[in-house]
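Everything quoted here is computed from the prediction, not taken from an experiment. Read the numbers this way: they start at 1 and go in the same order the structure lists the ligands and their atoms.
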Amino acid sequence: MTARGWFVSFEGIDGSGKSTQARHLAERLRAAGRGVVLTREPGGSQGAEEIRKLVLEGDTDRWSPETELLLFTAARRDHLERVIEPALVDGKIVICDRFADSTRMYQGLARDDLRDKVDALHDLMIGREPDLTILIDMDPGRGLERALSRGGPEARFENFGAGLQSRMRQGFLDLAAEHPERFIVIDGNRPVETVAADVAACVEDRLG
Ligand code: ADP
Ligand code: TYD
């Protein structure tokens with residue numbers, strides 16, 4: 001099968017505004033008559049949403065770092081098989097709120113130094129990168145404030161605190177510098193509409 005669609009992911013630390021911007025972009029592209037699938041990770045398919053509950057709720061030491069990596073990868077594989085690939089084959093624009101770069105950062109860097117295992121598992125089981133990754137760069141303190149103000153049961157990684165947010169931010173910026181062909185970095189410390197206008201300009205430029 002040939003993928004005819006286009007795949008864009010949003011990445012960044014918790015509370016950086018990814019979900020907000022992914023929604024804005026989806027609305028804008030739909031209004032322009034494009035076929036859009038807006039989805040998220042962990043989750044996005046029925047099975048992956050079930051795995052989401054396993055990894056994001058409960059005690060932070062519920063899973064070892066290795067088991068957690070396997071669960072996130074299993075969720076991604078299901079999401080890819082059942083939602084992302086079929087949509088791309090159908091010629092849709094897939095907008096995904098987080099994808100494999102989040103695993104590179106959170107499982108590869110945050111809990112333990114598992115980056116080699118993250119990369120090996122990605123090559124073995126996922127083997128796909130987005131056509132474009134939009135990194136919403138954000139002051140870690142403000143991101144954490146925003147993320148915590150949402151409340152709710154899904155607080156595992158947010159609970160790791162400000163030190164982790166800072167390391168994640170730098171990790172994402174390093175990843176973007178390593179892959180300039182795929183990444184665009186956008187300053188998220190501005191009003192929603194200003195950030196959305198930058199995102200739209202980048203996407204329209206790439207889509208032609
Ligand atoms: P993420 O998906 O990156 O965790 P969200 O889009 O859920 O971030 O945003 C986190 C919180 O911050 C939400 O309450 C949202 O309304 C708010 N928010 C998002 N973008 C901005 C912005 N540019 N300025 C101020 N608040 C924002
Ligand atoms: P998300 O719902 O996007 O959180 P937020 O809106 O706060 O950014 O993602 C939930 C959490 O899952 C987030 O803390 C990052 C974490 N995560 C991983 O640890 N590994 C992964 O592969 C993914 C996709 C997310």
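- Val185 and Phe10 fall into different hydrophobic clusters, where Ile, Leu, Val, Met, Phe, Trp and Tyr residues are linked whenever their side-chain heavy atoms come under 4.5 Å apart, directly or through other members.
- Between Phe7 and Phe99, the ring centre distance stays below 6.0 Å.
- Listed by first and then second residue, the side chain to side chain donor-acceptor pair (under 3.5 Å) pairs involving residues 199-208 are Arg28-Glu204 (not counting sequence neighbours).
- Of the N or O atoms in Val195, none lie within a sub-3.5 Å distance of an N or O in ligand 1.
- Taking the side chain as every heavy atom from C-beta outward, Asp137 and Phe172 never approach each other to under 4.5 Å.
- At a heavy-atom distance under 4.0 Å, no atom of Arg40 approaches ligand 2.
- With a 4.0 Å heavy-atom cut-off, ligand 2 is reached by the side chain of Gln107 but not by its N, CA, C or O.
- Residue Lys18 has at least one nitrogen or oxygen atom sitting less than 3.5 Å from a nitrogen or oxygen atom of ligand 1, judged on distance alone.
- The heavy atom nearest to atom 9 (O) of ligand 2, considering only Arg98, Glu68, Arg104, is found in Arg98.
- A 4.5 Å side-chain heavy-atom check between Val195 and Ile136 finds at least one atom pair inside the cut-off.
- Of the heavy atoms in Leu56, only side-chain atoms (C-beta onward) come closer than 4.0 Å to ligand 2.
- A salt bridge (charged side-chain N to carboxylate O under 4.0 Å, His left out) check over residues 91-109, counting only residues at least two apart or in different chains, returns the pairs Asp14-Arg98, Asp90-Lys92, Asp101-Arg104, Asp101-Arg182, Arg104-Asp119, Arg104-Glu129.
- Backbone and side-chain nitrogen or oxygen atoms of Asp14 are examined, and none is located within less than 3.5 angstrom of a nitrogen or oxygen of ligand 1.
- Within the 4.0 Å heavy-atom shell around ligand 1 one does not find Gly12.
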